2 protein chains.
Amino acid sequence: MVAAETRERVSLVAAEMGFRLNATARALTTGHTGLVGVIVPTLANPFFPPIVTGVQQPLTEAGGNVLLGVSDHSADRERELVHQLGPRVDGLILVAPVSPDVALRSFAERLPVVTVDRTAPGLPGVLVDTPGGVTKLMDHLLGLGHRRIAYLGGPPGSWMDRQRRKAALTAVADGGGELIVLDPVPPRFDAGLATAEHLVRQETPITAVMVYSSYVLLGLFMGLGSAGLRVPEDISLAASDDLTVIGMTQPGSTALHVPLQEAGSEACRLVREAPAAGSRPPRVRIATRLVVRDSTAAPPSGSTRTPPLTSRAPSHTPSRARKN
Amino acid sequence: MVAAETRERVSLVAAEMGFRLNATARALTTGHTGLVGVIVPTLANPFFPPIVTGVQQPLTEAGGNVLLGVSDHSADRERELVHQLGPRVDGLILVAPVSPDVALRSFAERLPVVTVDRTAPGLPGVLVDTPGGVTKLMDHLLGLGHRRIAYLGGPPGSWMDRQRRKAALTAVADGGGELIVLDPVPPRFDAGLATAEHLVRQETPITAVMVYSSYVLLGLFMGLGSAGLRVPEDISLAASDDLTVIGMTQPGSTALHVPLQEAGSEACRLVREAPAAGSRPPRVRIATRLVVRDSTAAPPSGSTRTPPLTSRAPSHTPSRARKN
DNA sequence: TTGAAAGCGCTAACAT
DNA sequence: ATGTTAGCGCTTTCAA
């Protein structure tokens, strides 16, 4: 009943007074909150923060926000968080969840759920194709002439680890090599350090190691170095991820570039589009890119090919004898 | 009016059916949501995730959750996020905010706000006492005999940087040394690499460098190494934080242990206790601990004291001449 | 086209 | 000590 001019004045004053729509009240009526729950195993592993950032970005642009949960790699904690976050979010993004498939499905009965870095039957998922990358990595190693290649996987018991190991086994078998599967380790520097000691005690020399975590690779790098083994002259090293820390080795490490932030954005898109669990859930595959740096080279003499010993990296120290 | 037994049966069945209180509706009546907003500059810097985890932990135990915001170091973005998160949270934790004091105060008019790693007049805050740690670090360096000490600060323009620099200047002046303040750099590996080149070109040799970020230190480490300078024989290095990555240098790096997660928990406690902005806002100081490792030693000869050259770390390579 | 009213699911202040 | 009711701030439906 008011004049248009008055109307304008009112809204202007309202804006000046800092009036904003009450999100809570709106959520109560509309039924959706504008929030998306993101549950990660941990923030300590630098693999996960970029994913969170990836979902955050498109979401805040749409006026939404991220409700964060850290499961600490525990299935119990994960379930608890789902129940806690579930009612107050429009959808849930589970990053590398540890719960069994059935649990995941039951979560999805209540609200849209999408997994990242893991698939579950019936659920939409974003899959970072590290297994595909591992194949590239193994082909690279085989192409350089490596035949005895160690695979240092983990985290122990993880779904993704099984996928990667499977890819590695297939690739190496196809290439006529032998894959030595080491016990999985947690993604920490010291795990690499410990494995280095184990490696130098091998009877038959291993000429290349593929490792699933940059942190472990860094430990390996240092451990092998102090044992007198040079990278890449004596042994080649490659990682199936490429975190910032990886830029820190000298020489630089061959690794898989993983577009983590993109994975997060895709998950965000899926969870907002998803009309709950459909019959044929959408799957997005995020390809990785092999980045060849200087931690991989042809194996040393005594192996399948002749080593080019000096061409790839500076060698300050005299070559030392292998331990075995 | 129902029998107690019936009542029990009802609630049991309700629980079985997965009925839970609707958090949104409750929030509408009570006025508080159980959510705490945490705004960090970025998740890419490993300094911040532990803080988020620190607030997350006590909060989820109390049935609450973290609403995350990433400001990307932008004051505009920060303000936007505050307005976006503000209405849906019980309180806001601003980690290393970049907004001016006045803006921070205005945020606090609407809801409890606590800052972390920065203080603002009138606002409660958790302060990680890196300035105090920097003093310890400088005293350590001075005690070893260093007199020309470089300070490599950053991030450019940051509040915390000014505090640390001030502490460094005072400590070194008191100890009769000279602090060479280098231009602040962003917290990245390559910044350290670049600074290393700069350092080896100094006319008067600098015998120790204090750097604000582990990442920068790592770059410095590598850059100095390839320039032929040994750590700690030729030059000492120390960092004013102690991220996981720091365990990755060989020799290990002297640094400040910073209880980041504790800082997060304290902030969480403050924000939940705070009855909005009080007249004398509580301040919590989180002390750091100096961790002396092997990247610091007495300066080489030509400086104030005689260097013990070999005692602290293995030296594989022959000593090389300084560039200057 | 514009304004009034019902109700989302809960809590808190009431009346019994 | 119990049960009833008003209303949180919005959206949506319906009447004017």
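Just so it is clear, the model here is predicted, and its values are computed rather than measured.
- Two residues are said to be in side-chain contact when any heavy atoms from C-beta on lie closer than 4.5 Å; I93(A) and V36(A) meet this criterion.
- Proximity of L67(B) to R88(B): side-chain heavy atoms (C-beta onward) are separated by under 4.5 Å at one or more points.
- With sequence neighbours excluded, the residues satisfying salt bridge (charged side-chain N to carboxylate O under 4.0 Å, His left out) with E266(A) are R269(A).
- Consecutive Watson-Crick or G-U pairing (both distances under 3.5 Å) extending over three or more pairs maps onto DNA chain D as C:1-14 with D:3-16.
- Residue N22(A) contributes atom CG, which lies 13 Å from atom C1' of dT11(D) at whole-angstrom precision.
- When side chains are defined from C-beta on, V126(B) does not count as touching D117(B), because their heavy atoms never get closer than 4.5 Å.
- Side chains of L94(B) and V114(B) form no contact here, defined as non-hydrogen atoms less than 4.5 Å apart.
- Under the 3.5 Å distance criterion, with hydrogens and angles disregarded, a donor-acceptor pair is assigned to the side chains of T60(B) and R77(A).
- A heavy-atom distance below 4.0 Å to DNA chain D is reached by these residues of residues 24-33 of chain A, ordered by number: A25(A), R26(A), T29(A), T30(A).
- Between the CZ atom of R88(A) and the P atom of dC10(C) there is a distance of 13 Å, rounded to whole Å.
- In this structure, F48(B) and L43(A) have side chains that are not in contact, with every pair of non-hydrogen atoms separated by 4.5 Å or more.
- For the pair T42(B)/H73(B), a side-chain contact is recorded, criterion being any heavy-atom separation below 4.5 Å from C-beta on.
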